[in-house]
Amino acid sequence: MAVKSGLTRPVIRPPSRRMSDAVRDTLRRPLASLRLSVTDRCNLRCRYCMPEDEYVWLPRTSILTFEEIDRLTRVFTGLGVQKVRLTGGEPLLRHDLPTLVAKIARNPRVNDLAMTTNGLLLGKQAAALRAAGLQRVTVSLDTLRPERMLAFAKSARHADVLEGIAAAQQAGFDRLKLNAVVIRGFNDDELADLIEFARAHTAEVRFIEYMDVGGATRWSPDQVVSQREMLDVLARRYGAIEPIHPTGDDDRAPAERFRLADGTTFGIIASVTAPFCRTCDRSRITADGTWFLCLYARAGIDLRGPLRHGVSDDELASLIRGTWQGRTDRGAEERLGVADRGALYRIDSLRAAPHREMHTRGG
Ligand code: SAM
């Protein structure tokens, strides 16, 4: 990966907090990882996430300012959060995102600052984001075939995604990951091609099982390609595949990682067939300040109200601490037990409650 070392401002961080200091929930899971959705808008219409043309958007006045996001992040990091990921919607649609990145990067308790993006606008913004202190980028790349992206995400801008990936490499992020949601009959014949592409771009691909989350209104079990099936397909092509046993930071990561005989690594996020609720340390804040303790949670906790009505940081911290300590969520595991499993929500119910959308709560 080409590293332009002159671009980044050095960030001096204190020794990282011990995980044992973090607030823990009823299953002893720490409050350690925060996903911040900075907008509910997106410039793609992927069939597994936002298949409709029009949506009920969050009111503009409800969207948290950068100052509010930064303040909330500081309260969360005071309770143990060390990893922050910007997401959406499409985070790069949020105007002036590097300014927000710079604010969060100044928080010495954040030791991992990352972003998930569809890459369309990354070509123009990668260098500024890196210079502002963004450490890692994950780009969603479901297919290498432009015509498939057109059919599946209603976008003819596949070349822009590739340009975004190239710009991320040039900018010298710590690690570049590529996310591919694998769907039977759409891209399940591209597993090896995506591995080869990632290898050629010094990136690591993560194959994601198609989840029945909010926006996946056309989900059905037969479209899910399981981790087992993906490994079988890849073993036929590459021979023996060795699991990589997680160490340190990786032991709560959603992806299981694997290594091919030639050393190439990849990951699989098996949220459908092998959910990892028992180790889930993630929570999510929507662009309007609603806090979700689980991707499958039916409702979230309003943090914008208290934030805008003058509560102190200590009061916010006490609300967050108490809520996390009572957390029992195991959404993906509970879905495993559902007979006749189908889409989680119908589009009319999502229109009535847009916070249930995947693009609102962030992936
Ligand atoms: N717009 C950005 C992007 O495309 O990466 C960030 C938001 S997107 C909601 C975050 C991640 O969620 C993406 O990697 C996307 O592939 C994943 N995702 C969305 N819907 C999904 C589904 N039904 N099953 C599995 N992953 C999904």
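In each ligand, atom 1 is the first atom listed, and ligand 1 is the first ligand listed.
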- Task: Could you check Arg157 against Leu44 for side-chain contact (heavy atoms from CB on, under 4.5 Å), going step by step and ending with a plain yes or no?
- Result: CA-CA 10 Å; Arg157 298 179 58 189; Leu44 289 183; over 6 Å; no

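Note on residues 261-296: pairs passing ring pair (Phe, Tyr, Trp, His ring centres under 6.0 Å), not counting sequence neighbours, are Phe76-Trp291, Phe258-Phe266. Listed by first then second residue, pairs satisfying side-chain hydrogen bond (donor to acceptor under 3.5 Å, both in side chains) with a partner in residues 213-222 read Glu52-Arg218, Ser220-Asp222, Ser220-Gln223, not counting sequence neighbours.
Scanning for side chain to side chain donor-acceptor pair (under 3.5 Å) contacts around Ser312 gives Glu315, with sequence neighbours left out.
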Write 'none' if nothing qualifies; otherwise put on separate lines each N/O atom of ligand 1 with a protein N/O atom under 3.5 Å away and their distance to 0.1 Å.
unit_1, atom_1, unit_2, atom_2, d
ligand 1, 1 (N), Gly89, O, 2.9
ligand 1, 1 (N), Glu90, OE1, 3.0
ligand 1, 4 (O), Ser140, OG, 3.4
ligand 1, 5 (O), Thr117, O, 3.4
ligand 1, 5 (O), Ser140, OG, 2.6
ligand 1, 14 (O), Ser140, OG, 2.9
ligand 1, 14 (O), Asn179, ND2, 3.0
ligand 1, 16 (O), Tyr48, OH, 3.3
ligand 1, 23 (N), Tyr48, O, 2.9
ligand 1, 23 (N), Met211, O, 3.0
ligand 1, 24 (N), Met211, N, 2.9

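With no hydrogens or angles considered, no side-chain donor-acceptor pair links Arg284 and Thr87 at under 3.5 Å.
Under the 4.5 Å side-chain heavy-atom criterion for ILVMFWY residues, a single connected hydrophobic cluster contains both Leu144 and Met230.
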